[in-house]
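Structure, as structure tokens:
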Amino acid sequence: MSNQPRHVAIIMDGNGRWAEMKGKTRTFGHEQGAETVRAITTYCAKHSEIERLTLYAFSTENWKRPKIEVEFLMKLLERYLKSERSTYLEGNIRFEPIGDLSIFSKSLRNVIDDVQNATSECNGLVQNLALNYGSRDEIVRAANSLRNTEIITVESLSAALDCTHDVDLLIRTGGDHRLSNFLLWQAAYAELFFTNTLWPDFAPNELEAIIKKFKTVERRFGGLA
């Protein structure tokens with residue numbers, strides 16, 4: 001098996017705590033977190049061994065946050081996608097959202113569609129942005145789409161998921177050690193790395209160090225060396 005991390009997934013945690021530590025509002029942390037998204041995506045786009053980057057941007061559980069924060073996140077997402085359209089195109093990055101987008105406003109869905117369509121011919125890095133995403137919800141929706149199938153197999157269920165690619169390397173920033181309902185199916189054999197670094201401070205050099213460690217891991221996938 002290749003020890004190249006073809007699919008990197010990141011739980012981007014710590015924006016709010018980063019801002020509070022600096023005496024700022026949580027929204028300031030989210031804005032800085034968006035800058036980190038750009039830096040990490042650009043880094044991955046320049047390294048051809050990384051084919052796909054999946055970022056946990058907004059979960060199905062994040063709707064429980066204060067209304068004012070949720071509204072800010074929706075506006076930030078729309079503004080970010082509009083501003084990053086050129087970054088995607090210049091970097092040959094294909095944008096593919098995953099999650100249940102139906103709950104978003106028409107304005108936000110239009111922006112998501114526009115960026116996805118504009119980058120559809122890009123053949124470099126694929127950036128999956130997980131939006132209103134929860135792995136349990138994803139699996140249930142996939143199973144429901146196959147409910148008229150006589151037999152559901154691992155292969156058929158995998159193909160019906162929002163993200164059909166297994167994860168090689170899953171990173172969580174912010175110090176917590178849990179998956180938080182993120183890519184549970186796809187991460188079945190992922191190598192898990194946890195860092196105390198809060199997301200706004202997570203830099204390409206730390207990602208590079210983690211990838212270097214990943215390449216030393218013997219991945220047996222249930223077999224023997």
Do the non-hydrogen side-chain atoms of [X] and [Y] ever get within less than 4.5 Å of each other?
X      : Y      : value
Leu183 : Tyr56  : no
Ile40  : Pro204 : yes
His177 : Leu192 : no
Glu31  : Lys24  : no
Val115 : Glu84  : no

Looking only at non-hydrogen atoms, find the nearest pair between [X] and [Y] and report the distance.
X      : Y      : value
Val70  : Arg65  : CG2-O, 3.7 Å
Leu131 : Ala57  : CD2-CB, 3.7 Å
Arg17  : Gly174 : NH1-O, 2.8 Å
Ser135 : Leu184 : OG-N, 2.9 Å
Gly99  : Asp162 : N-OD2, 3.1 Å
Gln32  : Pro200 : CB-CB, 4.1 Å

SB check Glu35 Arg38 (cutoff 4.0 Å): yes
Please answer: with hydrophobic residues joined when any side-chain heavy atoms are less than 4.5 Å apart, are [X] and [Y] in the same cluster?
X      : Y      : result
Val37  : Tyr43  : yes
Leu179 : Met12  : no
Phe193 : Ile11  : no
Met74  : Ile68  : no
Val126 : Leu207 : no

With distance as the sole test, does [X] use its side chain to make a donor-acceptor pair with the main-chain N or O of [Y] at under 3.5 Å?
X      : Y      : result
Glu191 : Val217 : no
Thr173 : Asp13  : yes
Asp100 : Asn132 : no
Asp168 : Pro5   : no
Asn181 : Gly134 : no

Between Arg141 and Glu138, does the salt bridge (charged side-chain N to carboxylate O under 4.0 Å, His left out) criterion hold? Intermediate values first, please. CA-CA 5 Å; Arg141 286 188 285 107; Glu138 176 191 31; over 6 Å; no
The criterion is salt bridge (charged side-chain N to carboxylate O under 4.0 Å, His left out); which residues satisfy it with Glu61, sequence neighbours excluded? none
Between Phe202 and Ile210, is the side chain to side chain contact (heavy atoms under 4.5 Å, CB included) condition met? List the steps. CA-CA 11 Å; Phe202 188 76; Ile210 290 173; 4.1 Å; yes
Say you draw a straight line from [atom1] of [X] to [atom2] of [Y]; how long is it, rounded to the nearest 0.5 Å?
X      : Y     : atom1 : atom2 : result
Tyr88  : Thr41 : OH    : OG1   : 6.0 Å
Leu170 : His7  : CG    : NE2   : 8.5 Å
Leu169 : Thr54 : CG    : OG1   : 11.0 Å
Gln4   : Ile50 : CD    : CD1   : 9.0 Å
His47  : Leu53 : NE2   : CG    : 13.0 Å

Decide yes or no on side chain to side chain contact (heavy atoms under 4.5 Å, CB included) for Asn123 and Asn92, but give the supporting numbers first. CA-CA 6 Å; Asn123 57 11; Asn92 195 28; 2.6 Å; yes
Checking side chain to side chain contact (heavy atoms under 4.5 Å, CB included) for the pair Thr119/Leu89: CA distance, chi angles, key distance, verdict? CA-CA 6 Å; Thr119 63; Leu89 293 172; 4.0 Å; yes
Glu208 vs Lys212, salt bridge (charged side-chain N to carboxylate O under 4.0 Å, His left out): CA-CA, chis, key distance, verdict: CA-CA 6 Å; Glu208 188 170 357; Lys212 186 176 181 179; over 6 Å; no
State whether a side-chain donor-acceptor pair under 3.5 Å links [X] with [Y].
X      : Y      : result
Ser107 : Ser105 : no
Trp185 : Ser158 : yes
Glu69  : His30  : yes

Got more than 12 heavy atoms from elsewhere within 6.0 Å of NZ, Lys46? no
Around atom CZ of Arg136, are there more than 12 heavy atoms from other residues, nucleotides or ligands closer than 6.0 Å? no
With salt bridge (charged side-chain N to carboxylate O under 4.0 Å, His left out) as the criterion, how do Glu96 and Arg52 come out once you've worked through the C-alpha distance, each side chain's angles and the decisive distance to 0.1 Å? CA-CA 10 Å; Glu96 292 185 357; Arg52 187 172 298 267; 3.4 Å; yes
Side chain to side chain contact (heavy atoms under 4.5 Å, CB included) assessment of Leu108 paired with Ile112: CA-CA 6 Å; Leu108 179 52; Ile112 291 171; 4.0 Å; yes
Filter on ring-ring contact (aromatic ring centres under 6.0 Å, His included), then keep only pairs touching residues 59-82, sequence neighbours left out; what's left? Phe58-Trp63
Parallel, tilted or perpendicular, judged at 30° and 60°: which one describes the rings of Trp18 and Phe28? parallel
